[in-house]
Amino acid sequence: MFPTITKFQNYGQQAVEAARDIGQGFAVTLDHLNRSSITVHYPYEKILPSERFRGRIHFEFDKCIACEVRVRVCPINLPVVDWSLTRGVRKKQLKSYSIDFGVCIFCGNCVEYCPTNCLSMTEEYELSSYDRHESNYDQSALGRLPFSTSQDFSIQRL
Ligand code: SF4
Ligand code: SF4
């Protein structure tokens with residue numbers, strides 16, 4: 001007789017605990033129902049990047065002195081700087097310049113240390129491509145003026 005009563009008591013306790021846990025779960029769900037969503041329907045909606053967002057790097061070919069400082073400060077030795085020495089004027093002549101954004105970690109070291117400020121971070125973040133080699137930007141692609149998300153009028157903003 002007594003073991004049966006104990007079993008019922010345990011069953012009752014477990015049922016109460018389960019109901020309490022379910023109630024707590026519903027309370028969390030209801031709490032979130034009252035909040036506005038923080039995700040957007042990309043690419044139809046976009047959130048403007050923050051002021052110090054580190055996106056695609058913009059490069060100004062004419063300002064570069066081919067000092068290769070950025071190659072030394074880059075944690076993964078990424079930028080490829082090709083230059084030749086002009087013997088008459090004893091000056092480096094920049095021939096080509098590239099950054100592979102498939103490898104770059106957007107740390108911003110190169111922008112920080114470039115002595116001529118020819119590098120800057122833009123707010124461009126749509127850099128995906130079907131071919132990984134397309135992520136390797138040469139000086140022409142790097143020199144393209146940045147596209148500002150704030151000027152993207154086709155996008156519905158929040
Ligand atoms: S640090 Fe600046 S100036 Fe020097 S090679 Fe790099 S981009 Fe050119
Ligand atoms: S942002 Fe960082 S990882 Fe990318 S090229 Fe510059 S230094 Fe290298």
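Atoms within a ligand are numbered from 1 in the order they appear, just like the ligands themselves. All values reported here derive from a predicted model rather than from experimental measurement.
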At a 4.0 Å threshold, what atoms of ligand 1 neighbour a non-hydrogen atom of Y97?
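Those qualifying, in numeric order: 6 (Fe), 7 (S).
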Any atoms of ligand 1 less than 4.0 Å from a non-hydrogen atom of P115? List them with their elements.
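Counting from 1, the qualifying ligand atoms are 1 (S).
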Residues, nucleotides or ligands: over 12 heavy atoms within 6.0 Å of E126 CD
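Check passes, neighbour count above 12.
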Hey, is OH on Y113 packed in by over 12 heavy atoms from elsewhere, all under 6.0 Å?
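No - once you tally the heavy atoms of other residues, nucleotides and ligands closer than 6.0 Å, there are 12 at most.
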Does R52 come within less than 4.0 Å of E123, counting only side-chain N to carboxylate O?
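The answer is no: the pair does not qualify as a salt bridge.
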Salt bridge or not between E124 and R144? Use side-chain N to carboxylate O under 4.0 Å.
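Looking at R144 together with E124, the answer is yes, because their closest N to O distance falls below 4.0 Å.
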Would you call the rings of F101 and F106 parallel, tilted or perpendicular, where under 30° means parallel and over 60° means perpendicular?
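The rings of F101 and F106 lie parallel, inter-plane angle below 30°.
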For Y97 and F59, take the angle between the two ring planes, folded into 0 to 90°, and tell me which bin it lands in: parallel under 30, tilted 30 to 60, perpendicular over 60.
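It falls in the parallel class, under 30°.
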Quick one: does ligand 1 sit under 4.0 Å from the side chain of [X], the backbone, both or neither, non-hydrogen atoms only?
{"X": "C114", "answer": "both"}
{"X": "T116", "answer": "side chain"}
{"X": "E68", "answer": "backbone"}

What protein heavy atom sits nearest atom 4 (Fe) of ligand 1, and how far away is it?
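Protein heavy atom at minimum distance: C67 SG, 2.2 Å.
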Return the residue, atom name and 0.1 Å-rounded distance of the protein heavy atom closest to atom 8 (Fe) of ligand 1.
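Answer, as residue, atom name and distance: C64 SG, 2.3 Å.
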Can you tell me how far the NZ atom of K91 sits from the OG atom of S84, to the nearest 0.5 Å?
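Answer rounded to 0.5 Å: 11.5 Å.
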What are the protein N/O/S atoms, named by residue and atom, that sit under 2.8 Å from atom 6 (Fe) of ligand 2?
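Near atom 6 (Fe) of ligand 2, below 2.8 Å, one finds C110 SG.
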Are K95 and W83 in a cation-pi contact, defined as NZ or CZ under 6.0 Å from the six-membered ring centre and within 45° of the axis?
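No, a cation-pi geometry is absent between K95 and W83.
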Count I, L, V, M, F, W, Y as connected when their side-chain heavy atoms are under 4.5 Å apart, and connections chain through other members. Are L127 and I99 then in the same cluster?
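Linked, L127 and I99 end up in one cluster.
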